[in-house]
Amino acid sequence: MSGELSPIDKAKFVAAKRAVDYVEDGMRVGLGTGSTAAWMIRCLGELVREDGLNIRGVPTSTRTAQLASEVGIEVISLDEARWLDITIDGADEFDGDLNLIKGGGGALLQEKIVATASDRMVVIADLGKEVERLGAFPLPVEVIPFGWQTTKSLLEEMLVSMDVLGRETTLRMNGDHAYVTDEGNYIIDLHLGRIGNPRQLALVLNQIPGVVENGLFVDICDIVVLGHGDGRVETRDINEGTVETDRLDFVEAENLFSDMAD
Ligand code: 5RP
């Protein structure tokens with residue numbers, strides 16, 4: 001079964017498999033959104049069903065909530081949990097300081113709230129997500145629908161004074177209509193090419209009326225678990241300053257491949 005997985009899916013799987021080692025009995029766990037996070041949720045579900053792992057999960061999107069319930073994880077709201085032991089999520093890009101761009105899957109608002117409310121954020125990624133400078137991936141900005149065209153113009157005006165390469169902005173679409181987030185908002189993607197100062201940009205973006213949140217995660221991620229297509233896994237801990245490498249076996253995961261949905 002594992003032979004059917006592409007190298008990129010194997011990389012996502014091994015990163016997810018290694019990351020769930022951080023989850024312990026009794027923990028409240030933030031559950032990320034996206035294809036890599038979906039692997040992690042399946043791995044956690046297997047531990048719940050087969051090893052009796054006792055955890056409660058706070059999902060970061062409706063699709064993650066549905067998957068978590070399907071695999072047997074008890075789902076609670078952030079208001080019930082209040083604070084989390086750990087959040088495990090994917091990312092669209094990460095740099096050497098473990099700053100992130102997130103929101104490619106449109107869930108950046110809940111993802112940022114949940115990750116910020118966690119003792120520790122672990123990002124799971126494949127090699128394609130690592131960059132020297134953030135910005136090649138369009139930066140998602142969640143805006144309220146009211147006056148979104150004005151907000152888009154204000155964003156473009158603000159970008160003139162920012163250290164970025166490109167300044168094009170586009171409304172994210174879902175077919176013929178604007179993409180709508182779980183919170184009923186729109187997303188404007190900023191095509192910046194390169195972001196010189198992620199911290200400054202993250203702060204300035206959130207000053208613009210109509211902006212709800214942006215996809216820059218600065219000083220939020222603690223650990224990146226980087227998967228490779230051949231089963232190697234590299235774990236970088238920014239607080240400890242450590243890098244560990246390891247190799248995982250695909251065979252133990254075969255039952256997870258059969259219900260692959262993402
Ligand atoms: C969703 C996200 C995802 O974590 C990000 O888009 C990565 O997704 P994938 O694991 O599918 O590459 O930020 O809002």
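Note that ligands are numbered from 1 as they come in the structure, with each ligand's atoms numbered from 1 the same way. Throughout, residue positions are numbered sequentially from 1 according to the sequence presented. Note that these values count all heavy atoms, side chains included, but never hydrogens, waters or copies made by symmetry.
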Between D163 and R194, is the closest basic N to carboxylate O distance under 4.0 Å?
yes

Considering only protein heavy atoms, which is closest to atom 12 (O) of ligand 1, and at what distance to one decimal place?
K129 NZ, 2.8 Å

Answer yes when R232 and E234 have at least one side-chain N-carboxylate O distance shorter than 4.0 Å, and no when they do not.
no

Can you sort out which atoms of ligand 1 are near D89, meaning under 4.0 Å from one of its heavy atoms?
4 (O)

How far is atom 10 (O) of ligand 1 from the closest protein heavy atom, and which atom is that?
T36 OG1, 2.5 Å

Could you establish whether G103 and ligand 1 come within less than 4.0 Å of each other, counting only heavy atoms on the residue side?
yes

Salt-bridged, E130 to R236, with N to O below 4.0 Å?
yes

Between K17 and the options K12, E46, M40, the side-chain contact (heavy atoms from CB on, under 4.5 Å) test singles out E46

Could you tell me the residue and atom name of the protein heavy atom closest to atom 11 (O) of ligand 1, and the distance to it rounded to 0.1 Å?
S35 OG, 2.5 Å

Heavy-atom nearest neighbour in the protein, as seen from atom 4 (O) of ligand 1, with distance rounded to 0.1 Å:
K102 NZ, 2.8 Å

Write out the residue and atom name of the closest protein heavy atom to atom 5 (C) of ligand 1, then the distance separating them to 0.1 Å.
D92 OD1, 3.1 Å

Salt bridge or not for D219 and R199, using N-O below 4.0 Å?
yes

Looking only at protein heavy atoms, which one is nearest to atom 1 (C) of ligand 1, and what is the separation?
E111 OE2, 3.1 Å

Any idea which part of P140 is under 4.0 Å from ligand 1, heavy-atom wise: side chain, backbone, both or neither?
neither

Salt bridge or not between K129 and E93? Use side-chain N to carboxylate O under 4.0 Å.
no

Taking 4.0 angstrom as the limit, do K102 and D89 come out as a salt bridge?
yes

Mark up the atoms of ligand 1 that fall under 4.0 Å of a heavy atom belonging to G90, in ascending order.
4 (O)

Atoms of ligand 1, numbered as shown, that sit under 4.0 Å from any heavy atom of G34
11 (O)

Could you check whether E213 and N206, counting side-chain N and O atoms only, form a donor-acceptor pair closer than 3.5 Å?
yes

Looking only at protein heavy atoms, identify the closest one to atom 3 (C) of ligand 1 and say how far it is in Å.
T33 O, 3.2 Å

Atoms in ligand 1 flagged as close to G106, the criterion being non-hydrogen separation under 4.0 Å
14 (O)

Is there a chain of hydrophobic side chains (I, L, V, M, F, W, Y, each step under 4.5 Å between heavy atoms) that links V123 to V243?
no

Evaluate A37 for polar contact with ligand 1, using N/O atom pairs at a separation under 3.5 Å.
no

Atoms of ligand 1 less than 4.0 Å from A91 heavy atoms?
4 (O), 5 (C), 7 (C)

Of all heavy-atom pairs between R49 and V71, which one has the smallest distance, and what is that distance?
NH1-O, 3.0 Å

